[in-house]
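Here the structure is a predicted model, which is why all the values come from computation and not from measurement. Reminder, nothing fancy here: chain letters follow the sequence lines and each chain counts from 1. Every heavy atom of this structure was used, including side-chain atoms; hydrogens, water molecules and symmetry mates were not.
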Amino acid sequence: MSASESKVEDLTEDAARGELERLHEVLSKADIAYHQNDAPEITDAAYDAAKKRYLEIEAAFPQLGQPDSLSTKVGAAPAEGFAKVQHGVPMLSLGNAFEDEEVSDFVARAKKFFMPDSLRDPEFMLDFVAEPKIDGLSASLRYEDGVFVRGATRGDGVVGEDITANLKTIDDIPKQLEGSGWPAVIEVRGEVYMSHAEFQRLKDHSARFGGQDFVNPRNTAAGSLRQKNSEITASRKLNFFAYAWGVAEDADGNPMPPAETQWEMVEKFKSWGFKTNPLMIRAESAKGLLDQYRKIESQRASLGYDIDGVVYKLNRLDLQQRWGFVARAPRWAIAHKFPAELAWTRLEAIDIQVGRTGALSPVARLMPVTVGGVVVSNATLHNEDYIAGRDSRGDTIRDGKDIRIGDWVQVYRAGDVIPKVADVDLSKRPDTAVPYAFPTLCPECRSEAVREEGDSVRRCTGGLICPAQAVEKLRHFVSRAAVDIDGLGAKQVEFFYAMCWMAEPADIFTLTDRDSSGERLVRDPEAVLQYLTDDEDGAATTLDELYEMLETAGVVPEGRAPAQIAEAIRKLGQLPLAKLKGWGGTSAGRLFSAIDERRTIAFRRLLFALGIRHVGEVVSADLAKHYGEWVRLTAAMDAAYPAMERHLAAEAAIAAERREAADAGRRAQITRVRDATWVAEPAVPQESRAAWDDLIGIDGIGAIVGVALVAAFAQSAERSSIDRLVSHLSVTPEAAPVAQDSAVAGKTVVFTGSLERMTRSEAKSMAEQLGAKVAGSVSSQTDILVAGPGAGSKLKKAEELGVDVISEDDWFTLVGR
DNA sequence: CAGCCTCGAGTTCC
DNA sequence: CTCGAGGCTG
């Protein structure tokens with residue numbers, strides 16, 4: 001380094017900033033040069049010295065820490081700002097098999113499904129392909145006229161992230177397809193992975209230079225692909241195997257699969273310049289597939305890259321199409337996974353977390369142990385019964401062995417991701433170990449925690465009194481799929497909640513005004529602290545956390561007594577956000593404008609954000625489509641209330657009748673009791689019943705979801721919280737369906753029986769696109785019933801009500817397709 | 001009323 | 001990713 005280098009403590013802030021920038025550049029360049037050609041431009045000693053100096057300056061001037069500081073660059077940087085890409089054809093996941101028997105079942109299902117073909121044609125033969133399942137990251141590569149134009153991650157399967165620049169650095173990915181015969185547009189899909197050799201090279205390098213902590217090849221490959229600077233990606237060697245495809249179209253946009261079988265397709269990929277896996281084989285029986293599984297398993301360690309199983313696919317593409325899909329997975333393919341890696345460790349503690357719905361979830365705190373290449377120190381214990389050694393039906397699991405603190409337990413990563421406790425070693429159980437007593441009081445707010453009949457989870461009854469539930473609700477509200485406010489993440493929300501600046505979603509939208517007026521506290525710190533200190537145990541940690549937060553905020557209480565902390569919180573309430581440590585004027589301003597951006601919000605997002613039990617993204621969207629405008633939803637919920645109560649009363653009466661009947665040894669007269677409850681109660685107005693029936697008539701919404709919804713909007717506290725929130729917002733009505741001039745626009749349609757030309761969800765989205773409403777059950781509101789073969793009760797009801805009944809073919813004629 | 005499928009909720013590590 | 005619960009079909 002230069003001779004003019006001064007001691008770190010003598011540097012001015014400006015000088016430090018300048019030097020940091022210079023060193024950052026030197027080090028980054030050296031990193032890239034090293035990775036790209038294995039020929040460092042500076043000596044190792046010089047590199048080490050530069051790195052040391054960099055870290056020293058950074059430590060002395062933490063305020064200068066850059067987001068891409070070399071000291072914080074570890075593994076996969078949480079990348080934001082990759083553009084979203086919608087896949088032409090969704091990228092699906094695969095069903096799993098672990099046992100040989102499940103593989104035989106898979107083959108047997110195929111044989112059964114295609115039985116008619118083999119009866120008709122004695123030559124008919126089913127064959128499958130088997131290939132290793134690479135443990136990497138799926139990517140989809142779009143080629144137009146043979147030129148690589150865009151590459152994306154899998155994402156949620158429908159929308160991924162544009163990582164074209166990074167994928168272009170991978171040698172195995174042709175920028176221009178070779179050979180000929182490729183469709184005008186094709187999405188080639190496969191797995192990006194890192195070889196063991198490359199992973200080792202990176203690890204050795206980082207060990208020498210005190211750099212990043214690379215955990216395993218998969219994570220490293222993921223981190224490399226998510227680099228914003230693709231030079232870094234280029235400096236790490238990644239590989240790609242092609243094995244699947246999405247869109248394949250000719251120049252006129254017509255579907256054009258360039259082959260007839262999976263096997264030929266992969267051969268084509270090879271001829272176009274892709275790498276394909278050499279261990280792929282064809283087989284005609286379960287035995288053939290399993291033989292290949294064993295062969296691949298035996299070679300696993302020597303392949304030079306990670307695999308986590310073997311994938312089997314039906315070979316013929318036309319048959320794949322005929323066999324179809326279940327949910328998001330093809331029926332015609334299955335992943336046979338290698339047994340999960342297991343590890344033994346000690347269970348040091350069981351903590352209880354409280355979720356947004358009040359669910360108490362036990363989490364195992366473990367002595368850290370490596371499982372499948374990752375150090376695991378927490379694992380889920382599911383619920384009360386799981387700890388006790390029972391499953392949801394009350395049958396024993398783990399031979400009925402319960403789990404106790406201090407036990408030696410076996411952990412594995414389910415799906416190679418989520419750590420779970422699988423087993424207990426009774427021989428190592430300490431004599432002092434006692435059965436775990438699951439709390440019956442909420443550990444956060446001391447409210448009673450109850451288990452409803454038939455429910456596997458115990459829930460805190462504190463509602464919004466419970467700080468854990470309040471915070472979790474707020475976290476859910478600001479989460480990505482919900483309101484998604486830039487600069488207001490889970491951490492900030494927790495902070496604002498603890499500081500009494502926010503207690504419910506509405507408070508987010510009054511923050512700006514309160515910040516300028518100086519009246520920031522929405523709760524009384526004394527009251528908050530009162531219950532924190534009310535109890536001997538549990539409170540200490542929470543107070544500690546609060547103390548720590550105040551320190552971070554730059555307001556240090558004069559002592560640690562609750563009164564002093566409350567005083568500090570109050571003082572904090574007089575500071576504008578921009579004055580808090582970690583918040584400058586810019587970031588505060590940015591937050592306020594991000595909040596403003598969300599004052600206009602789509603109906604479905606708002607509804608989802610409320611976090612009503614059983615109301616997730618899909619149900620919210622369905623409700624938004626049904627009601628269109630927010631006021632129509634609230635009006636319907638209000639109207640439905642009496643009928644909802646009546647429904648509950650009827651359910652209760654039926655349950656009572658069941659019990660009585662069981663005691664008396666006779667058959668329960670359910671219909672009579674149900675009818676009696678409705679008839680005997682003229683107090684329920686007809687319009688209330690109509691609103692209720694309309695609600696639970698929506699496809700996918702039944703009585704339980706209905707009760708949760710109506711109750712949320714009726715309960716005075718919850719409803720006023722919702723109304724307070726909505727008063728700050730402008731709710732965008734759900735967009736009216738695109739085509740208004742179709743024959744079915746505005747009609748309510750129900751599909752029943754088995755549909756042959758389309759799946760149920762296709763039928764639903766098609767009808768919706770044409771402006772129709774899709775309901776799940778037939779009522780007087782129904783205009784058309786589309787009945788396939790095997791239609792039963794709905795058909796009968798439609799006939800009784802005089803609803804138009806048409807066939808699937810009629811439907812296509814009606815909509816002109 | 002049983003069995004299938006979809007959706008919601010909770011979880012870990014980076 | 002997995003489990004359980006809720007909804008729907010047959």
Side-chain angles (χ1 to χ4, degrees), chain A residues 72-79 93-96 212-216 218-223 226 325-329 331 337 340 351-366 368 370-383 385-386 391-393 397 411-421 452 454-457 459 472 475-476 479 481 608 611-622 670 696-708 750-755 759-761 764 775-777 787-795:
Chain A
T72 54
K73 250 198 269 168
V74 173
S93 50
L94 291 183
N96 289 331
Q212 316 170 350
D213 184 15
F214 295 111
V215 176
N216 59 41
R218 202 200 111 91
N219 283 0
T220 311
R226 293 178 64 77
F325 300 85
V326 223
R328 290 161 79 145
R331 264 191 240 279
K337 296 285 200 72
D351 282 359
I352 302 287
Q353 295 182 356
V354 182
R356 145 172 85 86
T357 61
L360 267 49
S361 332
V363 176
R365 305 294 176 202
L366 306 165
T370 304
V371 195
V374 171
V375 178
V376 164
S377 45
N378 303 311
T380 175
L381 286 167
H382 287 125
N383 56 46
D385 285 347
Y386 190 82
D391 70 5
S392 61
R393 287 178 312 239
I397 48 174
V411 292
Y412 72 104
R413 299 205 304 149
D416 280 336
V417 181
I418 313 280
K420 291 192 173 185
V421 173
E452 267 163 50
D455 204 347
S456 60
V457 299
R459 289 175 204 278
E472 291 302 316
R475 282 171 57 138
H476 171 76
S479 68
F608 171 62
I612 297 165
R613 182 129 93 102
H614 302 134
V615 183
E617 266 183 284
V618 175
V619 169
S620 299
D622 287 348
I670 289 162
I696 60 172
I698 300 172
D699 201 4
I701 296 184
I704 291 179
V705 179
V707 169
V750 175
F751 294 93
T752 188
S754 42
L755 300 172
T759 67
R760 211 156 211 91
S761 62
K764 190 175 172 187
S777 59
S793 61
K794 287 187 191 173
L795 179 57

Within the 3.5 Å criterion, strictly below it, is a donor on A:R365 or A:S377 matched to an acceptor on the partner's side chain?
no
Any A:S456 side-chain nitrogen or oxygen under 4.0 Å from OP1 or OP2 of C:dA5:
yes
Side chain of A:R613: nearest nucleotide among C:dC8, B:dA9, C:dC3?
B:dA9
5'-most contact on DNA chain B (nearest-nucleotide basis), A:V375 vs A:G355, goes to A:G355
Using OP1 and OP2 only, check whether a side-chain N or O of A:T380 sits under 4.0 Å from C:dT2.
no
Rounded to the nearest angstrom, tell me the gap between atom CD1 in A:I701 and atom P in B:dC5.
22 Å
What is the distance, to the nearest angstrom, from the CZ atom on A:R356 to the C1' atom on B:dG10?
10 Å
Ranking B:dT12, B:dG10, B:dC13 by distance to the side chain of A:S377, first place goes to B:dC13
Please check the phosphate of B:dG10 (OP1 and OP2 only) for any side-chain N or O of A:Q353 closer than 4.0 Å.
no
Among B:dC5, B:dT11, C:dG7, the nucleotide that comes nearest once only the side chain of A:V705 is considered:
C:dG7
Using atom CZ of A:R365 as one end and atom P of B:dT11 as the other, report the distance to the nearest whole Å.
10 Å
Which nucleotide, B:dA9, B:dT11, C:dA5, lies nearest any side-chain atom of A:T357?
B:dA9
By the 4.0 Å heavy-atom rule, please label A:V457 as base, sugar-phosphate, or nothing.
nothing
Quick note, A:V374 side chain, CB onward, closest among B:dA9, B:dC14, C:dC1 is B:dC14
Among B:dT11, B:dG8, C:dT2, the one nearest any side-chain atom of A:I418 is B:dT11
Looking for any heavy atom pair under 4.0 Å, which part of the strands does A:N383 touch: base, sugar-phosphate only, or nothing?
nothing
Nearest-angstrom distance from the residue atom CD of A:E617 to C1' of B:dG8:
10 Å
For A:R356, the salt bridge (charged side-chain N to carboxylate O under 4.0 Å, His left out) test, sequence neighbours excluded, returns none
Could you tell me the separation between the CD1 atom of A:I696 and the C1' atom of C:dG6, rounded to a whole number of Å?
13 Å
Among B:dG10, B:dT12, C:dA5, the one nearest A:D455 by side-chain distance
C:dA5
Looking at the side chain of A:N219, which of B:dC14, C:dC3, B:dT11 is the nearest nucleotide?
B:dC14
Hey, does the side chain of A:H614 come within less than 4.0 Å of C:dG6's phosphate (OP1/OP2), counting only N and O?
yes
Between A:L360 (CG) and B:dT11 (P), how many Å, whole number?
10 Å
Expressed in angstrom and rounded to an integer, what is the separation of A:D699 atom CG from B:dT6 atom P?
12 Å
A:N378 side chain near B:dC13 phosphate (N/O to OP1/OP2, under 4.0 Å)
yes
Run the side chain to side chain contact (heavy atoms under 4.5 Å, CB included) test against A:V215 and tell me which residues pass, sequence neighbours left out.
A:N219, A:V374
For atom NZ of A:K420 and atom P of B:dC13, their distance in whole Å
14 Å
What nucleotide among B:dT12, B:dC14, C:dG7 has an atom nearest to a side-chain atom of A:V215?
B:dC14
Nearest to the side chain of A:I704, heavy atoms from C-beta on, is which of B:dG8, C:dC3, C:dG6?
C:dG6
On a heavy-atom basis, the closest approach of A:V619 and A:H614 is CG2-O, 3.9 Å
Consider side-chain contact (heavy atoms from CB on, under 4.5 Å). Of A:V421, A:I418, A:V363, which one does A:T380 pass it with?
A:I418
Measure across A:V615 and A:F608 and return the closest heavy-atom pair with its distance rounded to 0.1 Å.
O-CD1, 4.0 Å
